[in-house]
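Take a look at the structure set out below.
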Amino acid sequence: MKRKKAIVTGASRGIGRGIALCLARAGYDVAFSYVSREEEARDVEQQITALGTKAYSFQASLGEPGAGVSLFQKAANALGGVDLLVNNAGVTKFEHILDLTEETFTFLVNLDFMNYIYMMQAAARYMVSHGVQGSLINITSSRAERAYPGDCIYGGLKAALNRSVQSIALDLAPHGIRVNNIAPGAPKIRTRNELEKEGFADMAIFWDALGERIPTGRCGTPEDIGAAVVFLASEQAGYITGTTLRIDGGLILPGMPE
């Protein structure tokens with residue numbers, strides 16, 4: 001059986017790492033990007049190859065014009081094809097409207113929105129030209145649905161992405177390409193031991209306390225998001241397109257537990 005191939009952005013740690021490893025366990029060859037943590041990227045490569053699949057990592061600063069399309073081309077060439085693109089790389093940065101700077105505004109727009117659109121365009125063009133009925137998946141946020149202080153740009157861009165994929169899904173449905181989003185809420189991207197080792201013991205306490213206030217009784221994990229990506233990219237989800245799947249343990253149902 002032909003092995004499927006996936007590109008995941010921002011997978012040297014956190015949610016992206018969990019997605020890349022879940023896809024490898026599902027039998028995908030994986031190419032992924034990282035910004036500066038080369039040692040962590042190499043570790044993810046080794047973990048993927050230990051699962052019996054191929055791994056390729058590429059340094060890419062995706063907030064820079066053209067970087068995403070360049071990454072896609074290099075990754076597709078290394079893999080020898082693409083069945084799945086997962087746009088995960090992004091930055092969560094908050095500024096009060098009275099303090100918002102043009103630098104922050106432009107950076108977030110470029111990285112958290114424009115890059116996602118251009119990478120989807122590159123992947124869609126590749127899939128259409130090669131007759132691939134693939135899948136595009138973006139990682140957004142539950143903040144797209146719930147307003148928080150200081151996140152007018154970040155939350156607004158995630159909301160825009162949720163709306164954009166609906167139109168993109170309509171554009172690409174005739175080609176058999178499905179487009180969906182996953183919106184995590186309160187994902188704990190590092191373990192307590194990792195946080196304490198990095199000198200963030202206070203953050204470990206914060207995440208433990210937050211988990212107790214989430215309806216399911218815990219914070220999310222990168223593997224929770226990775227499992228959702230595997231499902232949405234599978235034939236079992238073949239009738240799902242243009243939707244945003246919230247994975248937050250019920251976090252935002254009662255309000256703002258944070």
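Numbers for residues simply follow the sequence, beginning at 1.
- Taking all atoms of both residues into account, the shortest heavy-atom contact from V82 to A76 is CG2-CB, 3.6 Å.
- Residue pairs that meet the side chain to side chain donor-acceptor pair (under 3.5 Å) test with at least one member in residues 63-74, sequence neighbours left out, do not exist here.
- In this structure, CG on N181 lies 10.0 Å from CG on L245, to the nearest 0.5 angstrom.
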Just distance, no hydrogens or angles: give the donor-acceptor pairs under 3.5 Å from side chains in residues 30-39, sequence neighbours left out.
| residue | atom | partner | partner atom | Å |
| --- | --- | --- | --- | --- |
| S33 | OG | G10 | N | 2.9 |
| E38 | OE2 | R42 | NH2 | 3.2 |

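- The same ILVMFWY cluster, assembled from side-chain heavy atoms under 4.5 Å apart, contains both L23 and I247.
- I139 contributes atom CD1, which lies 12.5 Å from atom CG of D112 (distance to the nearest 0.5 angstrom).
- We find the CD1-CZ distance between I7 and F58 to be 8.5 Å, quoted to the nearest 0.5 Å.
- Side-chain contact between L136 and L172 is present, with heavy atoms from C-beta onward closer than 4.5 Å.
- Proximity of a side-chain donor or acceptor of S135 to a complementary backbone N or O of L84 within less than 3.5 Å is not detected.
- When all heavy atoms of C152 and I97 are compared, the closest pair comes out as SG-CD1, 4.2 Å.
- Distance CZ/R143 to CG/D248: 12.0 Å, rounded to 0.5 Å.
- Following chains of ILVMFWY side-chain contacts shorter than 4.5 Å, one cannot reach L170 starting from I137, and the two form parts of different hydrophobic clusters.
- Residues I117 and S164 have side chains in contact (heavy-atom distance under 4.5 Å, counting atoms from C-beta outward).
- Through direct or indirect side-chain contacts shorter than 4.5 Å among Ile, Leu, Val, Met, Phe, Trp and Tyr, F94 is connected to Y154.
- Under the side-chain contact (heavy atoms from CB on, under 4.5 Å) test applied with S12, the options R17, Q59, E45, E40 reduce to a single match, E40.
- Side-chain contact of T140 with N162: a donor-acceptor pair under 3.5 Å is present, judged by distance alone.
- Side-chain contact between N180 and V165 is absent, with no heavy-atom pair separated by less than 4.5 Å.
- Here CD1 of I182 is found 10.0 Å from CZ of F231. Values are rounded to the nearest 0.5 Å.
- Residues in residues 158-176 take part in no salt bridge (charged side-chain N to carboxylate O under 4.0 Å, His left out) pair, two or more places apart or across chains.
- A distance-only check finds no donor-acceptor pair linking the side chain of R146 to the backbone of L251 [under 3.5 Å].
- Partners of A169 by side chain to side chain contact (heavy atoms under 4.5 Å, CB included), not counting sequence neighbours, listed by chain and number: V179, T241.
- R25 is linked by a salt bridge (charged side-chain N to carboxylate O under 4.0 Å, His left out) to nothing, counting only residues two or more places apart in sequence or in another chain.
- Across every non-hydrogen atom of A6 and L79, the tightest pair is O-CD1, 3.5 Å.
- A pairwise comparison of heavy atoms in L51 and A24 identifies CD1-CB, 3.8 Å as the closest pair.
- Side-chain heavy atoms closer than 4.5 Å link hydrophobic residues (I, L, V, M, F, W, Y) into clusters, and following such links, even through other members, never connects F105 to Y148.
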Determine, step by step, whether F107 and I153 satisfy the side-chain contact (heavy atoms from CB on, under 4.5 Å) criterion, reporting the C-alpha distance in whole Å, the side-chain angles of both residues, the deciding distance to 0.1 Å, and the verdict.
CA-CA 10 Å; F107 177 69; I153 304 303; over 6 Å; no
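- Listed by chain and number, the residues in a side chain to side chain contact (heavy atoms under 4.5 Å, CB included) with N87 are T9, L85, Y116, M119, M120, N138 (sequence neighbours excluded).
- In terms of the side chain to side chain contact (heavy atoms under 4.5 Å, CB included) criterion, residue partners of L98 (sequence neighbours excluded) are, by chain and number, H96.
- Residue A186 comes nearest to L210 through the heavy atom pair CB-CD2, 3.9 Å, listed as atom of the first residue, atom of the second, then distance.
- Side-chain heavy atoms closer than 4.5 Å link hydrophobic residues (I, L, V, M, F, W, Y) into clusters, and following such links, even through other members, never connects V91 to I19.
- Residues L21 and Y56 are members of separate hydrophobic clusters, defined by side-chain heavy-atom contacts under 4.5 angstrom among Ile, Leu, Val, Met, Phe, Trp and Tyr.
- Sequence neighbours left out, the pairs with a member in residues 100-110 that pass side chain to side chain donor-acceptor pair (under 3.5 Å) are E95-T104, T101-T104.
- Note that CG of L161 is 13.5 Å distant from CE of M114, once rounded to the nearest 0.5 Å.
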Check the pair K188, D208 against salt bridge (Lys or Arg N to Asp or Glu O under 4.0 Å), reporting the backbone distance first and the verdict last.
CA-CA 9 Å; K188 185 178 179 181; D208 289 344; 3.4 Å; yes
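- Between A122 and F72, the shortest heavy-atom distance links the atoms O-CE2, 3.6 Å.
- Pairs of residues two or more places apart, or lying in two chains, that qualify as side chain to side chain donor-acceptor pair (under 3.5 Å) and include a residue from residues 215-236 are R218-D224, T221-D224, S234-Q236.
- In terms of the salt bridge (charged side-chain N to carboxylate O under 4.0 Å, His left out) criterion, residue partners of D29 (sequence neighbours excluded) are, by chain and number, R3, K5.
- Contacts of L253 classified as side chain to side chain contact (heavy atoms under 4.5 Å, CB included), with partners at least two apart in sequence or in another chain: R246.
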